[in-house]
Amino acid sequence: MDSINRRTALLAGLAVAGTGALAACGGSGSTPALVSPDSKVVATTERKRKGTGKVREVNLTAAPAVLDLGGKVTAKSWAYGGRTPGKEIRLSAGDTLAAELSNQLPDRTTTSVHWHGIALRADMDGVPPATQDAVRAGRNFTYRFLADTPGTYFFHPHVGVQLDRGLHAPLIVEDPREPLSYDDEWVVVLDDWVDGVTGTPDQVLAELSHGMGDMGDMDMGDSGHGGPGRGGSSSHDMGDMGGMDMSGGGAGAGGEASSSGSMKFMLMGARSGLLGGDAGDVKYPYHLVNGRVPADPDVYTGKPGQRVRLRLVNAGGDTAYRVALGGHKLTITHTDGFPVAHRQVDALLVGMGERYDVLVTLADGVFPLVALAEGKDASGLALVRTGSGAAPKATVRPGELNGMIMNAAGLKAADEVRLDTRRTDRVHRIELTGGMAGYDWGINGRRYDMKHPAADPVLVEQGQRVRLDFVNKTGMWHPMHLHGHTYQLGTGGPRKDTTIVLPGRTVSVYFDADNPGQWMLHCHNAYHGEAGMMALLAYQA
């Protein structure tokens with residue numbers, strides 16, 4: 001099998017079809033009583049978690065900062081502790097985290113902290129107004145919860161588009177009985193950067209929210225700019241991908257084609273076969289790895305023969321990254337914190353909010369770790385140095401980027417975390433709707449209403465096995481994130497909390513309703529989510 005067909009077979013799994021009767025998201029009539037985030041059943045569930053009794057106390061100050069991104073590039077932004085990414089938090093599974101947030105943001109700006117991927121108690125999830133009141137400027141709030149599942153996570157605000165500033169940091173929950181054997185770890189945070197360089201995320205959202213107006217009719221299908229014109233399709237397979245452009249190019253430098261030339265932030269012409277067409281909305285002047293621009297990259301220093309665990313986190317707002325380490329194979333061990341059957345690959349496709357752990361045995365020399373901004377003709381860069389040699393150019397594109405490319409759909413859950421076989425009790429059809437013409441992203445044709453957060457919830461009951469069918473009716477891809485739970489892709493795929501759903505495709509996921517409360521279900525594109533592609537998944541009281 002040639003390399004293109006081999007990749008095609010692996011990527012085809014992005015379309016995971018579900019079966020069985022469908023239940024509508026929400027429903028007509030009055031909403032039944034819901035389990036509140038601070039109810040007794042939430043506290044009871046928390047007490048059942050197995051803990052060590054140890055408490056890890058940290059202070060998080062969200063405040064304005066002038067950030068040094070390297071290469072003489074500085075950005076006025078907001079950050080935790082004056083740096084981006086913020087300082088890593090590391091604890092052991094079963095420890096309790098007590099994190100005091102101090103909101104020192106300007107202009108009476110409210111904020112919060114969401115602990116992305118952690119199955120924690122509902123009142124600590126950090127989602128105003130659903131689970132808490134936003135933390136007002138000048139005030140403090142302490143998040144306290146037990147983290148009982150090891151893995152690679154991160155944290156960020158859940159207010160507006162603050163995620164696309166410098167407010168994010170890794171959260172590593174170590175396994176006290178770690179089964180993997182390795183010599184060292186390197187946490188790698190990927191980010192697309194606009195704040196304080198060409199504008200702010202709020203300015204980006206304001207421009208995007210105007211939509212594309214008359215340009216929406218220019219061969220863009222039903223619902224996306226440059227999309228494949230399949231907005232109404234719900235087919236369950238990838239179709240013919242033999243002609244896929246695997247190079248990640250297709251847009252001009254920056255992808256800035258525009259009929260009017262007046263768009264400052266909206267990205268035009270970004271195309272990716274891996275993402276089903278349209279790759280993204282936003283022009284980013286920089287793509288960062290561990291907070292550094294490619295001209296002045298972060299450097300990991302090791303020794304030849306060392307086995308290193310890379311913990312990859314995509315903290316970006318609008319960009320999927322194709323990640324490869326020049327001269328090396330990557331062995332995937334985890335995605336979104338949960339172990340998978342090991343797979344050796346050349347490169348990974350990582351959507352916003354996704355995390356992957358990989359093992360790599362280091363060779364002798366200097367090697368580029370490249371995060372190619374999928375479809376955007378740009379990249380981030382870090383270096384691995386184990387010996388002498390000159391650093392590669394900032395624009396380096398190692399051949400591994402076009403080798404065996406893997407995403408979660410081609411992986412299988414490790415035996416110890418695969419869901420047991422049981423009857424599905426409830427099925428919800430989650431249609432992803434809207435498009436660029438009106439920038440009216442939503443779920444099941446509705447934009448989430450922050451003023452009425454509990455309206456039209458996706459209802460579940462404690463103890464149910466639930467299936468969600470993500471049906472993408474739009475012309476763009478969406479990384480769909482569920483708070484407070486992990487789901488399984490199909491009947492044997494990996495356990496995850498965030499997964500890519502391609503345009504015109506359906507992805508079915510399963511989870512057990514074992515963490516009562518009210519939880520957000522949303523696209524982790526910061527701008528799509530804020531525009532309305534969110535819903536509330538709530539437990540009935």
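Sequential numbering from 1 along the given sequence is applied to the chain's residues.
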Distance-only, no hydrogens or angles: does the [X] side chain make a donor-acceptor pair with backbone N or O of [Y] under 3.5 Å?
X	Y	result
Ser112	Gly126	yes
Thr433	Gly442	yes
Arg447	Ala531	yes
Thr109	Pro106	yes
Asn314	Val189	no
Glu207	Met266	yes
Asp318	Val282	yes
Asn472	Met476	yes
Gln162	Thr110	yes
Arg343	Gly410	yes

Side chains of Pro453 and Tyr448: does their closest heavy-atom pair fall under 4.5 Å?
-> yes

Reported [atom1]-to-[atom2] distance for the pair [X] and [Y], which is rounded to 0.5 angstrom:
X	Y	atom1	atom2	value
Thr499	His478	OG1	NE2	13.0 Å
Thr474	Asp278	OG1	CG	9.0 Å
Leu348	Leu401	CG	CG	11.0 Å
Gln344	Thr331	CD	OG1	4.5 Å
Tyr527	Asp164	OH	CG	3.5 Å
Asp191	Thr84	CG	OG1	6.0 Å

Electrostatic pair [X]:[Y] at N-O distance under 4.0 angstrom:
X	Y	value
Glu374	Lys376	no
Asp346	Arg322	no
Asp456	Arg446	yes
Asp202	Arg165	yes

I want to know whether [X] and [Y] have ring centres closer than 6.0 Å.
X	Y	result
Phe154	His116	yes
His156	His524	yes
Phe155	Trp115	yes
His483	His522	yes
His114	His481	yes
Tyr321	His287	yes
His485	Trp519	yes

The side-chain contact (heavy atoms from CB on, under 4.5 Å) partners of Glu185 (sequence neighbours excluded) come to Arg90, Tyr182, Arg309, Arg311

In short, salt bridge (Lys or Arg N to Asp or Glu O under 4.0 Å) pairs touching residues 479-497 with sequence neighbours left out are Asp336-Lys496, Glu354-Lys496, Arg355-Asp497

| request: Carefully, step by step, assess Tyr510 and Leu489 under the rule side-chain contact (heavy atoms from CB on, under 4.5 Å). | output: CA-CA 7 Å; Tyr510 297 79; Leu489 292 187; over 6 Å; no

Item to complete: Begin with the C-alpha distance, continue with both residues' side-chain angles, and end with the deciding distance and a verdict on side chain to side chain donor-acceptor pair (under 3.5 Å) for Thr200 and Asp195.
Response: CA-CA 5 Å; Thr200 69; Asp195 195 34; 5.1 Å; no

- Stepwise side chain to side chain donor-acceptor pair (under 3.5 Å) check, Thr506 with Asp469: CA-CA 7 Å; Thr506 294; Asp469 291 338; over 6 Å; no

Phe338 meets the ring pair (Phe, Tyr, Trp, His ring centres under 6.0 Å) criterion, sequence neighbours left out, with none

Tested for side chain to side chain contact (heavy atoms under 4.5 Å, CB included) against Val458, the lone hit among Ile430, Leu482, Asn444 is Ile430

